[in-house]
Every structure is written in structure tokens, then in C-alpha cells.
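In what follows, a structure is listed as C-alpha cells, so that the remarks can point back to it.
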Amino acid sequence: MIHFMKKAKTVDYNPIRIEKKWQKKWASSRIFQSKEDSKKKKYYVLDMFPYPSGEGLHVGHPKGYIATDILSRYMRMKGHSVLHPMGFDAFGLPAENYALKTKTNPAASVKKNVARYKKQLEILGADYDWSREVNTTDPNYYKWTQWIFLQLLKKGLAFESYEPINWCPVDKTGLANEDIENGRCERCGALVEKKPMRQWVLRITDYAERLLNDLEIENIPKFYMSKGTDAWRPGEKVTERMAVYCIVKHWQDDKYLCMKWKKNDWRGYVIGGIKVDESAVEAGIRETIEETGYKNVIFKRILGKADCHFYQELKKENRVAHATVVYLELKNEEQDSITDEEKVIQDIEWVERSKVRDFINREDLKYMWDLYTGDAKEQKLLDWPESIKTLQKNWIGRSEGALIKFKVKSEKSTIGLSPVIPAKAGIQCEKNGASDSTLDSRLRGNDKKIEVFTTRPDTLFGVTYVVLAPEHTLVQKFLEVIENKSEVEAYIAKSKNETEIQRTDETKEKTGVELKGIKVINPANNEEVPVWISDYVLADYGTGAVMAVPAHDERDWAFAKKFGLPIKFVIAPLNLNSDKVVMSTESAFIDFGSLINSEKFNDKASESVMKEITAFVGGQWVTKYKLRDWVFSRQRYWGEPIPVIHCENCSKNNPAGKGIVPVPENDLPVVLPKVKSYEPTGTGESPLAAISKWVNVKCPVCKGPAKRETNTMPQWAGSSWYYLRYMDPNNKKTLVDPKKEKYWSPVDMYVGGAEHATRHLIYARFWHKFLYDIGAVSTIEPFIKLQHVGLIMGEDGRKMSKRFGNVINPDDIVKTFGADSLRLYEMFMGPFDQQIAWSSSSIVGVRRFIEKVWKLREKIVPSKSKTSKSAPELDSIVQDSKKADRIIHKVIGKVTKDIDDLHFNTAISALMITVNELEAIESISREQYEILLKLLSPFAPHVCEELWSAIGNKKSVCVAEWPVADKSLMSDDEVKIMVQVNGKIRGSFMASVDSSDADLEAKAREVKEVKSWLEGKSVVKIIVVPKRLVNIVLA
RNA sequence: GGGCACGUGGCGGAAUUGGUAUACGCGCAGCGUUCAGAACGCUGUGAGCCAUGCUCAUGGAGGUUCGACUCCUCUCGUGCCCACCA
């Protein structure tokens, strides 16, 4: 036993005492306040801010907060300027319903809940910069939520609508499509009804394409064009604002093609427009051939996508294009002469690889080049889990198809209709149609048309009827001309009364009514087919009308069977697989009959065939999205007032304005008034409507009497932009100062629950893109990396809920084990994004680990140079030190990589192994112990801070430098080599790390256990994997 | 019906490009310490067997390979999301 190592008796580990102590010190020293420091790289790590319910936190909630805290502390130690804020999302139904239940004012209960949440968060020891706290219900905050709404209004992206919307009869409010789960209100579970009412809607569908496409953008473009109509050359049809940009390698040397513009001596790359039906790669090859004359151009890879700003010589103007950057190689020097036109403009130069960067004159393109040459690490624009991307893609639901018009023919003779149908003024005949297309003008002359959307125009010949949604606007007009008006009206009334869930129940038999007296004409073969209405057709998808092809569609099939409608089978009016289409108006079908089970016709025609058919019948090829516009008003009290004033007078003067006057920006915020009764009215009016003092205002335009909008915004409004406000929480003049926004944007890491995939994350991306378009933010996407938190389930495996009585309160765990143990345990449970059941008995393991680290301190001996020990003592210390160095330096890399990859469980496991190994050693140095503390400090900050200061450090471990592994200290001299015979482990031996393959092979043959297996057998071959194994293959 | 994940001891889970399956932790068992318990320490812990060792084991069945938890095909099961989307 080495006695000099004995220290004064170490105080026992007491988490409660040390955790309080350090939390106070951290707060008073303001060590965690974020600053824009241009000398440092920034790191913005964000939690999905909590919704402070009355229940308080359970142990599942902190999991994500602990992870971001680890990342925040880790990145700070790595020298980043870190932004790690926290705030509260407190408007909306749950807070209001809770207040109603407890008969308190929502403002009061929110205040109480926030205080409680904050306290619960504080005992975890997170390094939040509380000076940046935001609260969505604070007028200083929602002033800017309202401001964003006004900008949306200005751009025509917010509008009033009277279409039927989803209505929750229990919560007494309209709901967005995203707020519905299986036909029920996501909040209260009530069956959702369809109810027509005035509401505010945001045109999120205008952004559908970008929301979808940008999920796949891989690199970071600096610019983004939202609109563009350029063609490249007069008369040349090219894809809108799409370009290709080519880096072309020499056929022999490591040189690259540089275009020199003769006129201004500007150097650049081959640029070209991408034609319709041409891929970026094809365009790149074509343009390179056209501009340089080189004949044999080979595609190698796509380097990335960016926006290209350049001067186009031929048209003499500046151009911007969304560009794909391709890397090409020339096969040989064969070259045709190029056109004179091209010759005049440019020359070709070959430049060395190292000079390429000089003629790539833009940062983002340089970045791509660096990516190709391996100098830059690939960074995705959206480094999101594939599953979330897929969820969003499915939610946005893009599909391409044809809009096809069916002429309506009313049988005047049959129904005795007068030639002139009484006009119903102003009613629109088509969805989004022109307002002049009133029924009388259209039906006279039988030129009224029903427009359908289909993804299978190739089945057009099999259409045997057309179905409209009961809510389709045309149905109301047809009522005047059909024979069975009352029957149809009854059906419409019935489906109106049915809830969404009843209507969409798949097991339900199809229902519907024919509109008798009306036929439509199939434009493919001029055949007359009947028109039906049925609730299996959705009013708000496509055009609200379908062409029914019972032979090719299950739903149409069920409907046709039920009502005895003909089933006609498309027998290829054309060869489905050929690109050449021969069209004719001859009926290209046979009676369906017994062919139902035939698989002969399951093939879909190619897209080009379908496009040709569409053109043949005068239809349009279009893209449709499942995504619906965002119903943005709630008939409830607890939300941001929509900053709009209704003025009848201004309506008279300006019919286009419909009497909507935006609240002037200077008058913001429109403060939510205090109110005695905030019970929802259920009438479609919010409780605010009852406060006449608040409602009645002067019109800001004409100064006449006017009324405030009384609907409020949905819960998702405030959370759609809060991450921006953290960057500059107290700015009175703008939403966020552009300088600060440029420094901190975008969010580098966003951690939260997967349940927000199709709501918050779509809404926030939508608002962010809009804010980008109006110049309020500088990036096109708000969150670079997104990470899910896997739920922590109750010990019984069910969701943690009061209902099941399986809720574990983190406060209790902190009391018994300490916050550090809770933090370590939640991270050690398993993979971070995985759902795992809580196990209270397992926490003791991480607590034991902390105690081991605590006791390990007793093994510290002073550094060799400072001691005056006897030789044998010194020798043993030196031996220990070598061993300990190897152990500790090996784990640095492992922990660093694991934190980078969010593999917290394996990082902790590696630290446990390290501590176990160090325990087996007699002595360690202070330096080695310090490395251990630094590595552990993001996970268990309190105990590490305590030990760090106990061994004599004055500055906090939070600002210590993250250790870097010294490779010379960590390498083993010897490794264990496994020996396999025919792939099965039979023995092992030790060998020095630099042994040659032949050496290893020879040694392997000599291993005792192996020898007996080799006896009398011939060796076929031997596989040597250096530092790992030798496999001897026998005949 | 469509989409996306995922199946490894008694439990949570480890396992670089295919290269010692079950690391780490819990639990369990034995021993020590203790008046006793808790706590702690040490040892053991996939299964089976004719046991110095051998055979079988990563949901199941095949395949590729010198070698498969890892790759491919099929299949069974579980979870999540969307769903009459034309």
C-alpha cells in the first residue's frame, strides 16, 4: 500500500447541497449569457418550448432539455458562442380549458404554471440564458405575432373565407386540418363537424411546393428566388429559372475548364439553362458541348444546388437562376468547332486544380467545390430524420395529374326548363372560377363544364359517370334544373349532419344520389354519362369532382356496384408502354363483365402518354397538394387578437377590400382585453365580441365607426417564429435585429417531440419562408438539424399520465438521487430518439457511477516533477500514469464523437468503463482526473464543478477547454489477435500492433488450440485482418 | 389500404467499412462486511451437453461470403404516422 497517497478524509457526496450551491453561483456569475461574438463560431441549440399545463413536468419532459443542455455545454467548451434559450408557449385551448375548469383567469393560471415549470427546470441545472426568456402571451411578444399577420395580409396570404370548416362542438371553435386526428378534435376527442362560417385562412398552399422541395436541398444556397418567369433565349422554351453550372475536368491533366469572357475578362464556368423535359445532367453535357465544342463529355456527379447570379451576354442583362452544379469530365480531346456567336463571347482556359477556387467567385459555389475536393465537410440544409421528412412529404401530398373538363348537358325537353334560367347573381360556378360565369349564361347553350382532377387520364375511356362532392358549389346551381331536387337536397342535408368520421368510415356502404336530368360528355369519346353526388368525394381535394372509372378504382367500383352503374374497362386505347400515342374518339373499352380479376390492365400508362391524352381532351397537366390552407381563426378568448378592423364605410368605398382595414402597425399590439366571462359562445363569435368597449373602434382609414375582429389566432401562431425572438428578445423596433439574426440564424440543433412533424414544423417553415420573402430573415429554412426525443413511458409501459397513475415527478428523483443522477440516467437509458420505459430501480446505477468518480479523487497524486519520492514509488507512479493516460485519452475521442452523434448512452457507458479501469489503478494524476471531469461535466455539471473546484481550479469547468486526445499517449503496444478456423473462433494470441501479415499468420498457426484443428488438414487460404484476426480456411 | 420504423439475455440496451455477439447498467445468485437490515466490496450470470471442451443462439426460412446482428430475397410479428386524396 502506498501510504503517501492518503488524503484528508473526503466528504461524502451530497447532491442536494452541491447542486443548489452551483446553480446559485452560475446564476450570479452570469456565465451562461449569450453574446454575439464575431470571433467565435456560433451554435444555436433550441428546445421546443414547453406548454405550461397545470400538471407540471414529469420525468419525460426533461429528456430533451437535458440533451440540449449537454450539447450547449459541450459546444461552449469547444469554444463556440452558444445560444441556448428557453421560453413558454402559453396561448391556446389547453390553458384556456384548464382555466375554465379551475375557474381562474387564464392569464393568472399561466403565470402560476410558468413559475412552476421554471422552478422545475432550474433544479435540473440547465444552462439557459434566462435573460432571453420569451412568453407568447406577453403583449411585447405577440405584438410581433400580430405584425407578421399584417404582413401576410398585405401580401394576400391571409384572407377571409366562408367555406365550411372543421368545427369542434365541445371546444366550440373552428380547427385547422392539422388539428384533427381520425376525424376527432386533437384536443378533446370530440367528433368534428363541418360548419360553414366566416374565418381567417392563411394561404400555406402557396408555399406547398417550396415546403416540399426544400426538404431535399442538400447544400446551403445563399439566395433563393421565389418567383421567376425568365426564358433563356428568345423563343427557347426552358424550365423556369433553372440552370446548370458545370465544372469540367480535362481529359488527361488535373486541370479544369474555365470560360473567359472576352469582353470584360471575367472568368467563370459553363452555364446553361435547363430545357423542359431535360435533366440538369443532360443540360450540363449539352451546354458544355455547345459552348466548348468538346464532343465526349462524361457525367461524374452532382456537386450540389445553388443560386447563380450572372450577366447574360446574349440578352445583355443580369440573370438569377436556381442552379444545379454538375461535375463533368472530358473523355478525350475530340472537338468540333463552335458557333461564331459563341466564339465572339468567350474563350477556353485550362486551370490547375488549386486555381479553380479563384474563378469560382461565390462562397456557396466554393463550398461545393471544397466538398468535392474533400476540404469541406458536407452539411445538409435540412439534416432531419428521414421519417420526419417523409411525414411532411406525405402531409403535403403532392400529386401530378390532369384537370379535365366535362361538358354539362341539361335535358331541357325532359325537365321542361325554360331557355333562360333565373340568374343567381354573383355565384361562382367553378372553384376558383371567374365570377362572371353565372349559371344562366353557362347553361344556356349547354356549355357548362364540370372540371375533374385525375392522376389517371389514361383511364378516361373507362369513365361511366361523374361524381361531385355534396358541397360542390355547382350542385346548388344544378338544383334549379334537375328533376329530383328534393331528393338531392335531402342527401346534401344528411351528409352535412354527419360527422367527418361517419362520412369517412370505410366500412360504410357508399351512398349517393343521381342528379337526374343532367348528363356530362366524356371528352375522350363524346359519350354521355350521368352525374351523381356522393360523400365519398371530398369537397376540398382536387376540384371536388371525380370522373369515376369503376373498372380501375376500388371506390368507384363499390359505388357502381351499389347503384348498378355500368363498369367499362379500358383496353388500352393505346399501347400503354409506348411513347407514341394514337388517339381516336372511338370507344376504347369493352364491357367489364367477368374480367374483374384480370391483372392485364393494372399497368399505368407512362407520364408522357398521360400528358398526351390530357392534351388530346383539352385538359391541363397540373400539380395538386393534399395540404389545405391553414384555418387561422379561433372563436375563443385565449389567443392573440387578429389585428384587423371591419369598417362598413370602407367596404362601400372599396369593394375589393371587403371592409377589412388592417390595424396600423404603430397601433400594435392589439392587447387582449381582460374579460369577466370568457366561456366560448358556440355561435361562431369569440367571447371578445361581447366587450363592446373593445369591439367598437374608430376606423383608422375613414375615422368612422368600425368594429374589431373578435376571432383570435390558433395556438400555433406564437410558436411559428419564437426561435427568432430569442436572438433579440427585447427589441421594440423590429421583430429581430438583422445583424443579430444573421449572426445566430439558422438554428443549428432543434430538439423536440416527433408529434410536431406535421403541425408546428410545417407552420414554422411556412412562416419562416414568408419572412425570408419579405426580407425579415436571411435563411430559407429555420432549423438545420432536427432531433426527436423518444418518449419516456411509465414503468408499466404505458404513456405517462395522471389517468394511469404512473407519473414520476422529476422533483422526487432529484430529492433522492440528485439532478446529476437524473440527467445521467435519462441519457443512459438507451438511444436518445427511442421510446423507453422508466425504471426507478435502475437509477441507482448512475448514482453509483457518480460516487465512484467522487472517490476516484482519493487516487490523485501530485505530478511527478513536483514530488520527491523514492525511486520504487516513483516507478510505480510512472507505470500507473502511462496506463491511466492510455485509458483517459482513448475515451476522449469516443465521448466527443458520441456527443456529436447524440449517442449519449454510449458516451456515458464509455465513461463508466473508464472509471472502472481507473479504479483498478493505484494512482492517477490531477491532469488525468481533470480530463475525466471535463468529459463528464456536460452530463453531470454539478458534481464535476464541485470536484473541479475541490482540486484547486478557480474558473468554472463550464468554460474549461474541451480536451483533445493525444494519440501518442493512447496507442496500445500490443493487441489481441483472434484466430479463426473456417470462420469459427478457436483461439487468440497477443501481437505487437505493427506485426506484418506474415508474422500474424505464422503466430496463428502456432496457437495451441488452433494446432489441433489444423492436424491432418490442408490449408486452402489464410485471411489476415490487421490488428483483428487471422482466419485459416481448411479444405 | 398506403407510408415509415423496428425485432439481440430475466430487463434497458452495446457491437467502426461484414471481423472476439451479449460491452455498460439494472436484476439475480454466492461470498465478505454487519447484532440485523440498508449501503458497500468481491465473484459469477445467453442456452444446452457425454463439460480441460463441444454444440446451438441476434423473430423465422433461405442466399451471398473465408467470415453475417450487420448485405440480399422471402416470411412472421410489433410500434408509429396517414388514410374514401381520385
Side-chain angles (χ1 to χ4, degrees), chain A residues 181-183 385-395 397-399 401-402 452-457 459 466-467 469 503-508 510 534-538 540-549 552-556 558-559 624-628 754-755 757-758 791 824-825 828-831 833-849 851 855 894 897 903 905-916 919 976-988 1009 1012 1019-1034:
Chain A
E181 269 174 15
N182 294 323
E386 274 313 309
S387 60
I388 291 278
K389 284 196 195 174
T390 313
L391 280 177
Q392 288 214 350
K393 278 180 211 162
N394 291 344
W395 189 263
R398 180 192 151 101
S399 52
V452 302
F453 174 68
T454 177
T455 54
R456 295 291 306 276
T459 63
V466 162
V467 198
R503 278 186 59 169
T504 58
D505 181 5
E506 263 180 282
T507 58
K508 191 187 88 167
K510 296 269 180 289
S534 172
D535 58 11
Y536 87 85
V537 176
L538 306 176
D540 48 4
Y541 181 74
T543 60
V546 301
M547 53 177 231
V549 189
H552 288 264
D553 183 284
E554 248 178 84
R555 292 154 303 165
D556 296 342
F559 191 82
K624 288 271 173 194
Y625 298 93
K626 272 184 1 183
L627 184 73
R628 311 293 155 81
E755 69 274 19
T758 51
L791 279 182
L824 274 171
Y825 175 64
F828 183 63
M829 285 173 85
D833 56 358
Q834 195 171 302
Q835 165 179 320
I836 300 171
W838 178 265
S839 163
S840 284
S841 61
S842 297
I843 306 172
V844 71
V846 292
R847 170 68 189 253
R848 281 177 193 153
F849 165 64
E851 304 249 11
K855 281 190 196 135
K894 170 75 177 158
K897 190 175 184 304
H903 295 157
N905 55 332
T906 50
I908 294 167
S909 155
L911 287 168
M912 285 173 166
I913 294 168
T914 300
V915 169
N916 289 345
E919 268 191 330
K976 194 176 179 186
I977 304 291
M978 305 310 293
V979 185
Q980 293 183 336
V981 178
N982 283 340
K984 291 207 164 148
I985 303 291
R986 296 301 177 191
S988 68
E1009 296 89 342
S1012 58
V1019 175
V1020 175
K1021 74 173 162 179
I1022 293 187
I1023 287 143
V1024 179
V1025 182
K1027 293 186 199 174
R1028 280 193 193 276
L1029 62 76
V1030 177
N1031 188 9
I1032 301 168
V1033 186
L1034 302 177

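Sequence lines set the chain letters: A, B, ... in the order given, protein chains first and strands last, and positions in each chain run from 1. What you are looking at is a predicted structure, and each value in this text was computed from that prediction instead of being measured. Hydrogens, waters and symmetry mates play no part in the numbers below; they use all other heavy atoms, side chains included.
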Under 4.0 angstrom, heavy atoms only, what part of the nucleic acid is [X] near: base, sugar-phosphate, or nothing?
X        : value
A:Ser839 : nothing
A:Val546 : base
A:Glu851 : nothing

Starting at [atom1] of [X] and ending at [atom2] of [N], how long is that distance when rounded to a whole Å?
X         : N     : atom1 : atom2 : value
A:Phe849  : B:G41 : CZ    : C1'   : 19 Å
A:Tyr825  : B:C26 : OH    : P     : 11 Å
A:Asp535  : B:C85 : CG    : P     : 13 Å
A:Gln392  : B:C81 : CD    : C1'   : 13 Å
A:Met547  : B:A86 : CE    : P     : 12 Å
A:Ile1032 : B:U65 : CD1   : P     : 21 Å
A:Leu791  : B:A5  : CG    : P     : 19 Å
A:Leu1034 : B:G67 : CG    : C1'   : 14 Å

Would you measure the distance from the [atom1] atom in [N] across to the matching atom in [M] and give it in whole Å?
N     : M     : atom1 : value
B:C28 : B:C80 : P     : 31 Å
B:U55 : B:G1  : C1'   : 46 Å
B:G63 : B:G12 : C1'   : 33 Å
B:A68 : B:C54 : C1'   : 22 Å

Output a table of nitrogen or oxygen pairs between the protein and nucleotides 52-54 of chain B separated by less than 3.5 Å.
none

TODO: Quickly, which of A:Ile1032, A:Asn1031, A:Val1033 forms a side-chain contact (heavy atoms from CB on, under 4.5 Å) with A:Ile1022? Name it, please.
DONE: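 One option only clears the test, and that one is A:Ile1032.
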TODO: May I ask you to verify if any side-chain N or O of A:Tyr536 is less than 4.0 angstrom from the OP1 or OP2 atom of B:A86?
DONE: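 Indeed not, no polar side-chain atom of A:Tyr536 lies that close.
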- [ ] Give a yes/no answer on whether the side chain of A:Lys984 brings an N or O atom under 4.0 Å of OP1 or OP2 in B:C56.
- [x]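 It does, given that an N or O in the side chain of A:Lys984 lies less than 4.0 Å from OP1 or OP2 of B:C56.
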Open item on the list: On RNA chain B, compare the nucleotides closest to A:Asp553 and A:Glu919; which residue's is nearer the 5' end?
Closed with: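 Final value for this comparison: A:Glu919.
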Task: Toward the 5' end of RNA chain B, by each residue's nearest nucleotide, A:Ser399 or A:Gly830 - done: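 Its nucleotide being nearer the 5' end, the pick is A:Gly830.
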Tabulated below should be each protein N or O lying under 3.5 Å from an N or O of nucleotides 78-80 of chain B; please produce it.
none

With side chains defined as the heavy atoms from C-beta onward, is the minimum distance between [X] and [Y] less than 4.5 Å?
X         : Y         : result
A:Val979  : A:Arg986  : no
A:Leu1034 : A:Val1019 : yes
A:Asn905  : A:His903  : yes
A:Phe453  : A:Ser399  : yes

Open item on the list: Quick one, A:Glu386 with A:Lys389, criterion salt bridge (Lys or Arg N to Asp or Glu O under 4.0 Å). Give me CA distance, side-chain angles, the key distance, then yes/no.
Closed with: CA-CA 5 Å; A:Glu386 274 313 309; A:Lys389 284 196 195 174; 3.7 Å; yes
Open item on the list: Once hydrogens and angles are ignored, does a donor-acceptor distance under 3.5 Å link the base of B:C84 to the side chain of A:Lys510?
Closed with: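 Such a pair exists between side chain and base.
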- [ ] Could you run through nucleotides 19-25 of chain B and give me one letter per nucleotide, 5' to 3': B if any protein heavy atom sits under 4.0 Å from the base, S if only the sugar-phosphate is that close, - if neither?
- [x] BBS-BBS
Task: Aromatic A:Tyr536 / basic A:Lys510 pairing, under 6.0 angstrom, 45° off normal - done: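 Cation-pi check for A:Lys510 and A:Tyr536: passes.
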- [ ] Could you tell me whether B:G9 is syn or anti, where syn means a glycosidic angle within 90 degrees of zero?
- [x]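 The base of B:G9 is oriented syn (glycosidic angle within 90° of 0).
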TODO: Give none if B:C26 has no partner; otherwise give the nucleotide forming a Watson-Crick or G-U wobble pair with it, both distances under 3.5 Å.
DONE: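 Checking every strand shown, B:C26 finds its partner in B:G10, with both distances under 3.5 Å.
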